**Student:** 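To start, I am sharing the structure in question, which I have written as structure tokens.
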Amino acid sequence: MLIFNLKEFLSAFMVLFAIIDIIGATPIVLDIQSKGRNIEAGKATIYSLIIFIAFLFVGKALLNLFGVNIESFAVAGALVIFVLAIEMIFGIEIFKNDSPSGSSTIVPIVFPLIAGAGSLTTLLSLRAEYNILNIILAILFNMGIVYIVLRKANVIERVIGKGGIYILRKFFGVILLAIAVKLFSSNLFALIDVLQK
């Protein structure tokens, strides 16, 4: 059943916004553009949206295929979010960007920058907690922001500044850390209940 809940929508929006971290990725976007490589904002946004929506619906079926329940995946997702938060807060690199080079719109913008392993894992973790309507709305709003940032990356960097981007990364890192702990604790107990039955 599709039920809109403002609190769920805002929470899902904030989690995805922090994980995608398109504002923090502005220097990467600018660096790609400075090398003369074209980034098509519209295509990148649409491709990312398709990947997110497809994974939201097909992801659970894939888990069932491998015999993994949503609670197990949510706990695993919480650990991934935890590591991403540690990266953002302490400025260390744990996940290596080892994607093959190619078109700047698809790689590295769509994958892994926007629809990467962390954001896809987070999506299924959110599905274990929130109504699907709120998650879809959160994805759509985030894709709107992604489009604006990709189109106006140089303007955003001038307005916010490098210091502002740095502060935003740290702030959302702490939020992600708290969300990871919440996801882990709530789904761990649910997983224990499932295993005991």
Side-chain angles (χ1 to χ4, degrees), residues 1-25 40-85 87-88 95 99 105-150 172 175-191 194:
M1 189 180 288
L2 300 177
I3 302 166
F4 176 72
N5 181 299
L6 182 62
K7 187 179 176 183
E8 281 193 8
F9 160 70
L10 289 173
S11 183
F13 171 80
M14 291 293 282
V15 172
L16 287 172
F17 183 79
I19 282 283
I20 295 168
D21 190 28
I22 195 65
I23 302 291
E40 296 176 79
K43 280 187 179 178
T45 305
I46 290 165
Y47 293 157
S48 300
L49 178 63
I50 290 167
I51 291 169
F52 278 128
I53 298 295
F55 198 78
L56 185 63
F57 287 98
V58 181
K60 194 173 181 182
L62 281 173
L63 289 183
N64 291 337
L65 187 67
F66 292 108
V68 178
N69 59 36
I70 195 77
E71 289 84 7
S72 301
F73 198 84
V75 169
L79 294 174
V80 173
I81 297 168
F82 179 84
V83 174
L84 286 167
E87 275 193 336
M88 290 170 76
F95 292 111
S99 62
T105 299
I106 305 296
V107 179
I109 298 298
V110 173
F111 187 86
L113 202 62
I114 300 168
S119 51
L120 293 177
T121 304
T122 302
L123 209 56
L124 284 190
S125 300
L126 290 174
R127 182 150 187 190
E129 293 279 308
Y130 304 136
N131 188 279
I132 200 158
L133 174 65
N134 301 309
I135 300 170
I136 290 170
L137 289 173
I139 293 168
L140 289 171
F141 273 78
N142 269 290
M143 290 304 98
I145 293 169
V146 164
Y147 176 75
I148 292 165
V149 171
L150 291 179
F172 283 112
I175 288 174
L176 274 187
L177 196 59
I179 288 163
V181 171
K182 180 182 178 290
L183 267 175
F184 183 83
S185 58
S186 61
N187 284 284
L188 183 64
F189 292 123
L191 181 60
V194 168

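None of the values given here were measured: they were computed from a predicted structure. The first residue of the sequence shown is numbered 1, and numbering continues consecutively from there.
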**Student:** Nearest 0.5 Å, please: how far is OG in Ser119 from CD1 in Ile51?
**Tutor:** 9.0 Å
**Student:** Determine, step by step, whether Asn134 and Asn131 satisfy the side chain to side chain contact (heavy atoms under 4.5 Å, CB included) criterion, reporting the C-alpha distance in whole Å, the side-chain angles of both residues, the deciding distance to 0.1 Å, and the verdict.
**Tutor:** CA-CA 6 Å; Asn134 301 309; Asn131 188 279; 3.4 Å; yes
**Student:** Are Leu49 and Thr45 side-chain neighbours, meaning at least one heavy-atom pair lies under 4.5 Å?
**Tutor:** no
**Student:** State, to 0.1 Å, how close Ala44 and Ile109 come at their nearest heavy-atom pair, and which atoms those are.
**Tutor:** CB-CG2, 4.0 Å
**Student:** Please check if the side chain of Ser125 supplies one atom and the backbone of Thr121 the other of a donor-acceptor pair under 3.5 Å.
**Tutor:** yes
**Student:** Are Leu126 and Leu16 packed together at the side-chain level, in the sense that at least one heavy-atom pair is separated by less than 4.5 angstrom?
**Tutor:** yes
**Student:** Find out whether Ile136 and Phe57 are in side-chain contact, i.e. whether some heavy atom of one side chain is under 4.5 Å from a heavy atom of the other.
**Tutor:** yes
**Student:** Between Met1 and Ile132, is any pair of side-chain heavy atoms under 4.5 Å apart?
**Tutor:** no
**Student:** Quick one: pull up CD1 in Ile135 and CG in Leu124 and give me the separation to the nearest 0.5 Å.
**Tutor:** 9.0 Å
**Student:** Flag the pair Leu150 / Ile114 as yes when at least one side-chain heavy-atom distance between them is below 4.5 Å, and no otherwise.
**Tutor:** yes
**Student:** Could you walk me through whether Ile20 and Met143 pass side chain to side chain contact (heavy atoms under 4.5 Å, CB included), step by step?
**Tutor:** CA-CA 10 Å; Ile20 295 168; Met143 290 304 98; 3.9 Å; yes
**Student:** Answer yes or no: are there more than 12 heavy-atom neighbours, outside Phe66 itself, under 6.0 Å from its atom CZ?
**Tutor:** no
**Student:** Backbone N or O of Glu40 within a donor-acceptor pair of the Thr105 side chain at under 3.5 Å?
**Tutor:** yes
**Student:** Keeping to residues at least two apart or across chains, list the ring pair (Phe, Tyr, Trp, His ring centres under 6.0 Å) pairs with something in residues 121-150.
**Tutor:** Phe9-Phe141
**Student:** Among Ile139, Leu137, Ile145, find the one that has a side-chain contact (heavy atoms from CB on, under 4.5 Å) with Phe13.
**Tutor:** Ile145
**Student:** Side-chain contact, heavy-atom cut-off 4.5 Å: Glu129 with Lys182?
**Tutor:** yes
**Student:** Within the structure provided, determine whether Leu133 and Ile3 are in side-chain contact (heavy-atom separation under 4.5 Å).
**Tutor:** no
